[in-house]
There are 2 protein chains.
Amino acid sequence: MQSNADKYFVTVDAVVFTILDKQLKILLIKRKNDPFRGSYALPGGFVEEKENLEDAAKRELEEETGVKNIYLKKLVAFGNVGRDPRGRVITIPYLALIAADDIKLHATTDAELAKWHSVYDLPKLAFDHDKIIEEALRELRFELEHSNIAYQFMPEKFTLTELQKAYETILNKGLDKRNFRKKMKELGFLTSYRERKMEGAHRPAQLHGYKDKRYRRIG
Amino acid sequence: MQSNADKYFVTVDAVVFTILDKQLKILLIKRKNDPFRGSYALPGGFVEEKENLEDAAKRELEEETGVKNIYLKKLVAFGNVGRDPRGRVITIPYLALIAADDIKLHATTDAELAKWHSVYDLPKLAFDHDKIIEEALRELRFELEHSNIAYQFMPEKFTLTELQKAYETILNKGLDKRNFRKKMKELGFLTSYRERKMEGAHRPAQLHGYKDKRYRRIG
DNA sequence: CCAAAAGTGTTAGTGATACACCCATGT
DNA sequence: ACATGGGTGTATCACTAACACTTTTGG
């Protein structure tokens, strides 16, 4: 192979969203090595020699959050010259969604403990991770309205109001209750349980769940 | 940087579509070196050391077709183990559209002359280029209905019927004439010239053109 | 006057949006 | 009885899809 090996590094980054404290949050680690020591960055790391890209993303994610068996969506790569001062680094970002209760965050070797940050109040970020996040957020919103991925955010059983809150948090806008419920009903992703949620001084809410927890596109 | 350099190769591939002989065609080169000697493949090549990804795609494209200043859209990277027997190769494919009359195809060093192939009748392809093409075609169709990219396929002046034919060819389905024209009118991308096209024994057609030849998203 | 493609409007259906009241419960 | 969130239906609007006839030209 004429040409250009031993010049490139290939990494995967995970853009992990969750909903916590009624806010859309993203998982960031604080870098403890240069470059960008002390800055926040997306969790990620090098792709190993005999490892597929998605497997690498899954591995990194499991190392840092303990979560596995998750739906990941590949985003477009970032690889311009100068995005990493150490050399030529191409990164393939993956979008991941998790339910906040599922996880316990871990520290890793070149990162401090991973922490959740509100998407609307992010710290200074290392590399071009701000652009990657912007792209991922666009993608997340698109998917939310064109698939059943919201199941990734939700617990086993939830009320329709809780689901609507999740949508509103992600889209960052209010939705009409009746239209939302109508839409969910006709999409047919949900099943309703006999149980109800009794809590507070008001009418108890019907519990719902996703029929199958696999990615399904609308259309 | 602890870790994994000198194991990766990074390439860009161009998925170039055009309309020729009333068919949607894609540009392929016939490989004259191993691996996959004699198979067809997407034009592409290695990203140079100090070269941005999109610049690399533009350079490859210009080398093989002579076309420049073209809108390119980055697609998701392919980089699984084993996709190239020579080593670990990550490729970033770019979608490109050109008007068939604009180009003269060139031969390159490790490829024979580039040729157009009907999208619905492709030969055996090298690597995982069949999957890349599938993805690119999906993206092309999406963009066609959500932007003004069709301008890339069209000459300076054209009739609405010609434009409709282009849409039909790409989408591989028939469209209603009145609805199509109404849609084009209200999108407002087009301008109409005073001139008409006189050709054949029938009413002459009004000529149209794109107001500005820059990518514009609908919405 | 015939053939061939250009050009043009209306109707019906479907999905999105906007909107207001009654229900079941705990206190 | 009241406060709280749960639950429901209808009218309007915008967009899409279906559909047929007249016009202009060359031969």
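Small disclaimer: the values here were computed from a predicted structure and weren't measured. Proteins get letters first, then strands, A, B, ... in listed order; numbering begins at 1 in each.
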Within this structure, what is the [atom1]-to-[atom2] distance between [X] and [N], rounded to whole angstrom?
X: B/F180; N: D/dA18; atom1: CZ; atom2: P; answer: 16 Å
X: B/N179; N: D/dA14; atom1: CG; atom2: P; answer: 18 Å
X: A/L207; N: D/dG6; atom1: CG; atom2: C1'; answer: 12 Å
X: B/L175; N: D/dC19; atom1: CG; atom2: C1'; answer: 15 Å
X: A/K183; N: D/dG7; atom1: NZ; atom2: P; answer: 20 Å
X: A/R181; N: D/dT10; atom1: CZ; atom2: P; answer: 17 Å
X: B/K182; N: D/dA14; atom1: NZ; atom2: P; answer: 15 Å

Are [X] and [Y] within salt-bridge range, i.e. N to O under 4.0 Å?
X: B/E162; Y: B/K165; answer: no
X: B/K213; Y: B/E156; answer: yes
X: B/E145; Y: B/R141; answer: no
X: A/E62; Y: A/K58; answer: no

Taking the six-membered ring for Trp, is the centroid-to-centroid distance between B/Y151 and B/F189 below 6.0 Å?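 Centroid separation for B/Y151 and B/F189: 6.0 Å or greater.
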
Mind checking which nucleotides bracket the chain B contacts on DNA chain C, 5' to 3', with an atom under 4.0 Å from a heavy atom?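 Both ends considered, the range comes out as C/dA3 to C/dT10.
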
Identify each donor-acceptor pair in which a side-chain atom of residues 202-212 of chain B lies under 3.5 Å from a protein atom, sequence neighbours left out, and give them as a table.
residue, atom, partner, partner atom, Å
B/H202, NE2, B/E199, O, 2.7
B/K211, NZ, B/G188, O, 3.0
B/D212, OD2, B/R216, NH2, 3.3

So, applying side chain to side chain contact (heavy atoms under 4.5 Å, CB included) with A/F153, which one of A/T169, A/I170, A/I98, A/L163 is it?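 The residue from A/T169, A/I170, A/I98, A/L163 that satisfies side chain to side chain contact (heavy atoms under 4.5 Å, CB included) with A/F153 turns out to be A/I170.
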
Is B/R181 reaching over with its side chain to a backbone N or O of B/Q164, donor-acceptor style, under 3.5 angstrom?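 Here the side-chain-to-backbone pair does not exist.
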
Among B/R138, B/Q152, B/K73, B/R217, whose side-chain hydrogen bond (donor to acceptor under 3.5 Å, both in side chains) with B/E143 holds?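 Of the listed residues B/R138, B/Q152, B/K73, B/R217, the side-chain hydrogen bond (donor to acceptor under 3.5 Å, both in side chains) partner of B/E143 is B/K73.
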
Output one line per pair: protein atom, nucleotide atom from nucleotides 23-26 of chain D, and distance, for all N/O pairs under 3.5 Å.
residue, atom, partner, partner atom, Å
D/dT23, O2, B/R203, NH1, 3.3
D/dT24, O2, B/R203, N, 2.8
D/dT25, O2, B/A201, O, 3.3
D/dT25, O2, B/H202, N, 3.3

More 5' along DNA chain D: B/R178 or A/Q206, using each one's nearest nucleotide?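 Going by which nucleotide is closer to the 5' end, it is A/Q206.
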
